[in-house]
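Note on naming: letters A, B, ... go to the chains in the order of the sequence lines (proteins, then strands), and numbering restarts at 1 for each one.
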Protein chains: 2
Amino acid sequence: MSKRINSHDVARKAGVSQSTVSLVLNGRMNARISQQTRERVIEAARQLNYSLNTSARALVTGKTQRISIVLNEPGNFRNHNSFFMDILAGVVDAAVETRYNIVFLSASYPDWRSLFDEIRGGSSDGVLLIGRYSDDPLTIALLDALFPTVCVSYSPNHCYFHSVDCDNELGGRLAMQHLIDLGHRNIAYIHPEESLSWVTERKQGIIQSMQENGVSEETLVCSCTPYLINDQEQSYQELMRVINTASVKPTALIFADEWRAQWLIEKMGEEGIHIPGDFSVVNFNSTILSERAYPPITSVWQPLTDIGQAAFRLLIDILDEKTVPSGIIRYPVRLDVRESTAPLEGAYVD
Amino acid sequence: MSKRINSHDVARKAGVSQSTVSLVLNGRMNARISQQTRERVIEAARQLNYSLNTSARALVTGKTQRISIVLNEPGNFRNHNSFFMDILAGVVDAAVETRYNIVFLSASYPDWRSLFDEIRGGSSDGVLLIGRYSDDPLTIALLDALFPTVCVSYSPNHCYFHSVDCDNELGGRLAMQHLIDLGHRNIAYIHPEESLSWVTERKQGIIQSMQENGVSEETLVCSCTPYLINDQEQSYQELMRVINTASVKPTALIFADEWRAQWLIEKMGEEGIHIPGDFSVVNFNSTILSERAYPPITSVWQPLTDIGQAAFRLLIDILDEKTVPSGIIRYPVRLDVRESTAPLEGAYVD
DNA sequence: TTGTATGCGTTATCAT
DNA sequence: ATGATAACGCATACAA
């Protein structure tokens, strides 16, 4: 293993001082350096195959030119998590235009504190947190420490934060309005923990739509299955239980999360339950997962890639110390009507 | 902005020297530190909310505990690049079990040299390169510099390298054998540049299969469209031109890359061309893209997630200076038969 | 068992 | 226009 080449080596070879090398290679204050020395330094660096040391620079400048993304679960890239992928596409798109690289905090940390230490320890200049719980201790700690942080697709319980999200409430209203328009009155809302802000926001929209349409909100059947329960058989059994024990059997289902809806309706199909014949189904996100489900699912679309881009740019603005208003940037949603919803049999529909 | 807290601050508070703090917090040589001092140091660190500085540690140890992945194209996460995603899933899976984070080299670099400098400048300890050209100058430069590098899904033109790939040649044979079994004799191979190792390896398998079956390899129509041409209309026109100008019109198409096959057959469907009625189609990778195409595509599957895992672990072994044999680790492939292939009309099939 | 001293490779301030 | 020199925060060899 040969010794690493540093700026002193370059300086020696070029016959100048090390600080001159630094000035030249950073392209700063070019006016102050004569053309001759510049060329000599650059040539020496080229000949020695010199690469500037990132850690040393970061140490002295306090800037890494990196932002980090915290992975929520081991399976973040499994199960074709197109929600995460679409956001990431936006983040990467935006990053490509900058001098920032992206570090994935993927290593195993014993607890959130060590992850917090890793983040604050200068692995990156800022962090993007995606779809976490509102009371996530990591989020709270980072915000408390005033570490540059942008929350994507959720809002933490904190007095001051930056977040990029979609209009979940409107999404809930669109979903419910669509089902009501189709004649449905008995509807179930299947969702994970309410400590996920999108779960409650969507629910609020759903209820609001019921009120607007004079439908008693008593008829809404809600069922909560923890977000991280990936046991498909268990989820299916639970869904059947909810449907069968409701005082009035629902004719339509709204799923707060996308992937569970996707494989549950396919599972229902296998079990002889017809979608939308037996149940109309609406879910959220409308990524490729819903688009190419069997049958394709009517879904509330949100501009995930735009959201990812916006989040990255917001973070960069914060790092550049531009004054950015705190709070939530909301992106619009729309309903993509597909084949999983149909008029309620016997219902009168305009 | 309050001053950053460092190990000196912790030392002062704990009434010990800075080096003792370092020893304690690194958990090394625990035996050498008395239980009392240890507790005092840990308590002081906790009270001061101390986080160890990554850059400083990296500077002195020469290790960053990061590996990097070079993004090939801006659109790496667009177009639902499930090839890349599936590999990444494996990499992340494996990384979660280690102390390594993953940095995405996503920033814009004016040329490969500056990217090379970034990599060698200590942004990470090793690098994973995915699906690049065999003569990729960045790959060659890294290998020449003996920088810890693992090539995924390609082999560079270099005397010494580590690579993880699948058995592309067998894949080509399986694809062709399947079509021959269905009675097809006039087949077109649609592929990107031959400087992509998988393109030529698959082609070799195709030709080998033709020889095994006594089919003249003269009948194979090959067409090359550069990999990065994403213009769908242009690609479609080119495909039609190839089909229509062949001396004998092909009855089956083998696509070397997955996504082009996916949207081309859907485009053909829109244009009134029936798959597999008019053409049988086989492609490679067999990710969700082929699985959920209209119609689902018969595809040569490879264990992308396993390959990603293996590549990461190989890189870690190299970093740990374990002795690992150079060359290519090949993973097996299989043919997933779906609805895009059918017996040639009028052909005699066993 | 603990402290002292040095160096990692930069940037940046201040002389010259 | 260029060169000394002092941090940056940590790990580690060596001294005590």
Side-chain angles (χ1 to χ4, degrees), chain A residues 1-42 44-45 48-66 99 117-118 120-123 125, chain B residues 1-42 44-45 48-65 117-118 120-123 125:
Chain A
M1 198 58 126
S2 61
K3 177 185 163 303
R4 282 225 30 161
I5 287 164
N6 59 28
S7 50
H8 286 98
D9 300 328
V10 177
R12 201 175 315 120
K13 174 137 193 151
V16 297
S17 78
Q18 181 272 334
S19 51
T20 301
V21 172
S22 177
L23 286 178
V24 170
L25 295 186
N26 282 308
R28 291 151 85 98
M29 326 190 182
N30 273 342
R32 288 179 43 189
I33 304 286
S34 76
Q35 192 61 23
Q36 281 191 21
T37 6
R38 272 197 58 198
E39 282 168 6
R40 274 223 311 287
V41 168
I42 289 173
L48 292 176
N49 241 305
Y50 168 71
S51 314
L52 185 148
N53 185 301
T54 306
S55 302
R57 161 182 281 178
L59 180 58
V60 61
T61 60
K63 260 88 188 63
T64 61
Q65 300 291 358
R66 271 175 257 136
R99 301 177 44 73
D117 285 337
E118 170 74 32
R120 256 215 339 177
S123 67
D125 303 332
Chain B
M1 201 56 131
S2 61
K3 177 185 166 300
R4 282 225 30 158
I5 287 164
N6 59 28
S7 52
H8 285 99
D9 300 326
V10 177
R12 201 176 315 122
K13 174 139 192 148
V16 297
S17 77
Q18 180 269 332
S19 57
T20 302
V21 173
S22 176
L23 287 177
V24 170
L25 296 184
N26 282 310
R28 290 150 86 97
M29 327 191 181
N30 272 343
R32 289 180 40 189
I33 303 287
S34 77
Q35 193 61 23
Q36 282 191 19
T37 5
R38 270 196 61 199
E39 283 166 7
R40 275 223 312 286
V41 168
I42 289 173
L48 292 176
N49 241 306
Y50 168 71
S51 314
L52 186 148
N53 186 298
T54 306
S55 301
R57 161 181 279 177
L59 180 57
V60 62
T61 61
K63 259 89 187 66
T64 61
Q65 300 292 359
D117 285 337
E118 170 73 33
R120 257 212 343 172
S123 66
D125 303 331

Gap between atoms [atom1] and [atom2], on [X] and [N] respectively (whole Å):
{"X": "B:Leu23", "N": "D:dC10", "atom1": "CG", "atom2": "C1'", "value": "11 Å"}
{"X": "B:Arg120", "N": "C:dT10", "atom1": "CZ", "atom2": "P", "value": "11 Å"}
{"X": "B:Leu52", "N": "D:dT12", "atom1": "CG", "atom2": "P", "value": "12 Å"}
{"X": "A:Gln35", "N": "D:dT2", "atom1": "CD", "atom2": "C1'", "value": "16 Å"}
{"X": "A:Arg40", "N": "D:dT2", "atom1": "CZ", "atom2": "C1'", "value": "11 Å"}
{"X": "B:Leu25", "N": "C:dT2", "atom1": "CG", "atom2": "P", "value": "14 Å"}
{"X": "B:Leu59", "N": "D:dT12", "atom1": "CG", "atom2": "P", "value": "13 Å"}
{"X": "B:Lys63", "N": "C:dC8", "atom1": "NZ", "atom2": "P", "value": "16 Å"}

Can you give me the closest heavy-atom contact between B:Arg4 and A:Gly122, atom names plus distance? NH1-N, 4.5 Å

Taking the side chain as every heavy atom from C-beta outward, state whether B:Gln18 and B:Ser22 have any atom pair closer than 4.5 Å.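 Result yes, sub-4.5 Å side-chain heavy-atom pair found.
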
Do the side chains of A:Thr37 and A:Val24 get nearer than 4.5 Å, heavy atoms only?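 A side-chain contact under 4.5 Å is absent here.
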
Polar side-chain atom of [X] near backbone of [Y] as donor-acceptor pair, under 3.5 Å:
{"X": "B:Ser51", "Y": "A:Arg120", "result": "no"}
{"X": "B:Ser123", "Y": "B:Glu118", "result": "yes"}
{"X": "A:Asn6", "Y": "A:Asp9", "result": "yes"}
{"X": "B:Asp125", "Y": "B:Gln65", "result": "yes"}

Would you say B:Asn53 places a side-chain N or O within less than 4.0 Å of OP1 or OP2 belonging to D:dC8? no

Side chain to side chain donor-acceptor pair (under 3.5 Å) contacts in which one or both residues fall within residues 52-62 of chain B, not counting sequence neighbours: B:Asn26-B:Arg57

What contact category does A:Thr37 fall into here, base, sugar-phosphate, or nothing, at under 4.0 angstrom with non-hydrogen atoms? sugar-phosphate

The helix from C:dT1-D:dA16 to C:dT16-D:dA1: angle between end helix axes, five pairs per end, rounded to 10 degrees: 40°

Using heavy atoms and a sub-4.0 Å distance, could you list which residues of residues 5-20 of chain A are near DNA chain C? By number, please. A:Asn6, A:Ser7, A:His8, A:Gln18, A:Ser19

